[in-house]
Protein chains: 2
Amino acid sequence: MKDIKTHSIGGNAGRNRTHNRRVVLDYVRANEPTGRAEISKSCGLSFQAVSNIIEALQNEGLLVAVGHKTGERGQPAAQYKFNPESAFSVGIELRPDALICATLNLKGDCIYRERLAISDTSPAKAIPEICDMVDRAIVKIKRSREQLLGVGVVMPGPFGASEMSDLEAAIVPDWDDVDVQKVFEEALKCPVIAENDATAAAISERVAGVASAIDTYCFVYFGAGLGLGVMTNGHAQRGAFGNFGEIGHVITQVGGNECSCGNYGCLETYASRISARKFLAVRGIDVSSGAEMATLLEQNNPDFIEWIDIAAKHLSQAIGILENIFDPETIVFGGAMPDAVIDALIERLELPQGSVANRKHRTIKRVLRGSSGHFTAAIGGASLIIHQTTTPSIAVYS
Amino acid sequence: MKDIKTHSIGGNAGRNRTHNRRVVLDYVRANEPTGRAEISKSCGLSFQAVSNIIEALQNEGLLVAVGHKTGERGQPAAQYKFNPESAFSVGIELRPDALICATLNLKGDCIYRERLAISDTSPAKAIPEICDMVDRAIVKIKRSREQLLGVGVVMPGPFGASEMSDLEAAIVPDWDDVDVQKVFEEALKCPVIAENDATAAAISERVAGVASAIDTYCFVYFGAGLGLGVMTNGHAQRGAFGNFGEIGHVITQVGGNECSCGNYGCLETYASRISARKFLAVRGIDVSSGAEMATLLEQNNPDFIEWIDIAAKHLSQAIGILENIFDPETIVFGGAMPDAVIDALIERLELPQGSVANRKHRTIKRVLRGSSGHFTAAIGGASLIIHQTTTPSIAVYS
DNA sequence: ATATTTATTCAAGTTATTTGAATTAAGTAT
DNA sequence: ATACTTAATTCAAATAACTTGAATAAATAT
């Protein structure tokens, strides 16, 4: 198991500059188009400091000037925004049966994707395939490798299952004791971030999704099982050992369905793709793909509706837990599940009354559907890189 | 309701120095006695930078030299440690029936405490009383006001209940719409931090308790209800609106006991001081104080043991939730409950097998008892201040 | 037209860092 | 004992990035 313990290091002029660049980029990301004086006031930096940073970002092509803001007194402020085509990132999702690649521009728009079915996902086989995929993506979008900010590699957690008491069989075989980041940085010769699918998906909603202006939220990820990604003040939570967010094994019914983890009544046995398949298999219906689920829903299939009702009941409980524990601005549902099914689940939720989230003057709905569809995990991988380049690391509480 | 949304600001030389001082102090706190070269390596700063900071900290009296480290090659490294008496902080707990004051030295040792029973906790009455208490504390410990780092004010959450749908009656009346920090900074003329009891208690375990070397952990706080404080990478979680950690209203038994929040089966109705009182009242036993609970436990009172068993069962579920969601290094139990009762609860837990925390090679127990006893909240308040002075704000993930 | 406001530019000035050379002092090998 | 190695420490200079202050530019308001 990899201990991802973090620790704080000292700052110096260079690290400070990196941080300030990110502060500026993050502000522009959330408020574009915007001007230097405005950034200066919001970010607690002198006009001159901001001016220098903007100039550098412009020279690098990350920002572009877009005219001047008129209608107010004083000299019109030059406005800047992201130059979406100035840089890009690649996300790779490693699944037991396939590799998925998504390429995002700096604004987080998906500009290329590819799915490659493979049977052997062992590192020896998958790594060369992934390197080829990344190369293909760069060729397809007609960019140079210098514009590649990095690659985000996503695979299902929890990591380090081999050290655990059979909580979960390693979902992608042979990757358990691999230092994913290191291996890929060597193979791809560019910055790499490795992350689990739920957290990556959560970040993607902030980079270019429903949470772009939200700093604190939970993301419930429908994968094979059920995952959770949490953002607090714009920072993703990772846990002490990288296994943050195993919400699938939270028990929502004592003595309920038997779970692969050995317990009974885990949420994941009621609300996940696998749970739907099992539930319907007993009734003689075989669903293996998301498309089939969408069809059943369209047909108002009573068995599937029954599953949705049960899943929604258990998810409602999970929402109560998340809201009361995290006090988030909102909860986002997303992942490898058709939008229509997620909408149906959200529609049938019975949101708990006794929750700190049950405020009178809410501005955002308590539960939203994510925007990145079922490519979420790969897009999330690419989002990790973009998020890092625009996420500052000095937090000041006011 | 107060929105405590935070945002990152840019850095400059001064802020950088503040940060680096904290990095150094935090390292010394966790590793004392230690030397400059060692700090330099661990904190990613040049020897000279560390040297300058150490010199300043020494001049201010926060650190003291304690001889040289011998036994290794090279010039013996001068060792430094905290000077516990160089500074102090005061914590105030505001309860419905009393004010509690605790004073800590820089190492987090409690050097003075006072409990004052009051009936009127309205701001108009309580604020002058608290100012007097702080003054008395400074006189008692024979220090000057310049050495006061600040005051931490603690009251039960959730805050902003008036805006909520009766989740919880405001526990300390009339404080709901008060900007606690501002009001006390004006009254006390020193830095003030306001926090809920559970989070403050969690921080106290890091400042001088069982979690001094632990960066990521959960603290389950037994107050009137049940609270949760969470530390991730040395930073306390606060939620989007300051109501993080309302674990008491997580449902552990669907359709169970009726709760004041309107729901049924909330954890708090099984495992809290109030739940014990209610449980025993039905059986004709009246317990209003912690001491009485301790006595019942000592006498092996079968009704009380029954309550403990039930509480432990529900707490075990909560532990499963916390471990799977947060992936902490450990979970700490503490608060306004006698140590013996907490120990009895811990003893009777049935820790879930299906948890990411159920690792083979654990070094820390899954559940620990906190060390600060039933003055926890006030000590926690004082700890907030100490924590802030030693907690850096640039996090680097390695 | 003139005053006011705000953004911007240019040119120092400041702070806290890093770098490099020289010094000190202990342990280790001969 | 003596010389060598290792590591901490000190001193002085160089550097990077930010802030400050004065001057200028271009709008709106009176």
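Just so you know, these numbers use all the heavy atoms, side chains as well, and skip hydrogens, waters and symmetry mates. Within every chain, numbering begins at 1; the chains are lettered A, B, ... in the order of the sequence lines, protein sequences first and strands thereafter.
One N or O on the side chain of N12(A) and one on the backbone of G14(A) form a donor-acceptor pair closer than 3.5 Å.
Distance CD (E72(B)) to P (dA25(C)): 18 Å, rounded to an integer number of Å. Atom P of nucleotide dT15(C) and atom CZ of R21(B) are separated by 16 Å, given to the nearest angstrom. For the pair E55(A) CD and dT9(C) C1', the computed distance is 11 Å after rounding to whole Å. Counting to the nearest Å, the P atom of dT15(C) and the CG atom of N20(B) are 17 Å from each other. At whole-Å resolution of the value, NE2 in H68(B) and C1' in dG27(C) are 16 Å apart. Across the protein-nucleic acid pair, Q75(A) atom CD and dT4(C) atom P stand 19 Å apart, rounded to whole Å. Rounded to whole Å, the distance from CZ on F47(A) to P on dA22(D) is 18 Å. Note: CZ (R15(A)) to P (dA17(D)) measures 13 Å, nearest angstrom.
The pair E60(B)-R21(B) counts as a salt bridge, with a side-chain nitrogen and a carboxylate oxygen less than 4.0 angstrom apart. A salt bridge is absent between E38(A) and K41(A); no separation between the charged side-chain nitrogens and carboxylate oxygens falls under 4.0 Å.
Summary of the strand contacts: Q79(A) and G71(B) both lie near DNA chain C, and taking for each the nucleotide with the nearest heavy atom, the more 5' one is attributed to Q79(A). Heavy-atom distances to DNA chain D give each of E38(B) and Q48(B) a nearest nucleotide, and the one nearer the 5′ end belongs to E38(B). Across the interface with DNA chain D, nearest-nucleotide mapping of P76(A) and A37(B) shows A37(B) to be the residue nearer the 5′ end.
For CD of Q58(A), the number of neighbouring non-hydrogen atoms (other residues, nucleotides, ligands) closer than 6.0 Å is greater than 12.
Listed candidates were dT20(D), dT8(C), dT18(C). Nearest to the side chain of S46(A) is dT20(D).
In this structure, S46(A) and S40(A) approach most closely via the heavy-atom pair C-OG, 3.6 Å.
At dT15(C), none of the side-chain N or O atoms of N16(B) fall inside 4.0 Å of OP1 or OP2 (strictly under the cut-off). Taking only side-chain nitrogens and oxygens, R17(B) never comes nearer than 4.0 Å to OP1 or OP2 of dT15(C).
Using a 4.0 Å heavy-atom criterion, one finds that A77(B) contacts the sugar-phosphate atoms exclusively. Backbone-only engagement by K41(A) is indicated by non-hydrogen atom pairs under 4.0 Å involving sugar-phosphate atoms exclusively. N52(A) comes within contact range of no nucleotide atom at all, as no heavy-atom separation falls under 4.0 Å.
With hydrogens and angles ignored, no donor-acceptor pair closer than 3.5 Å exists between the side chain of R73(A) and the base of dT6(C).
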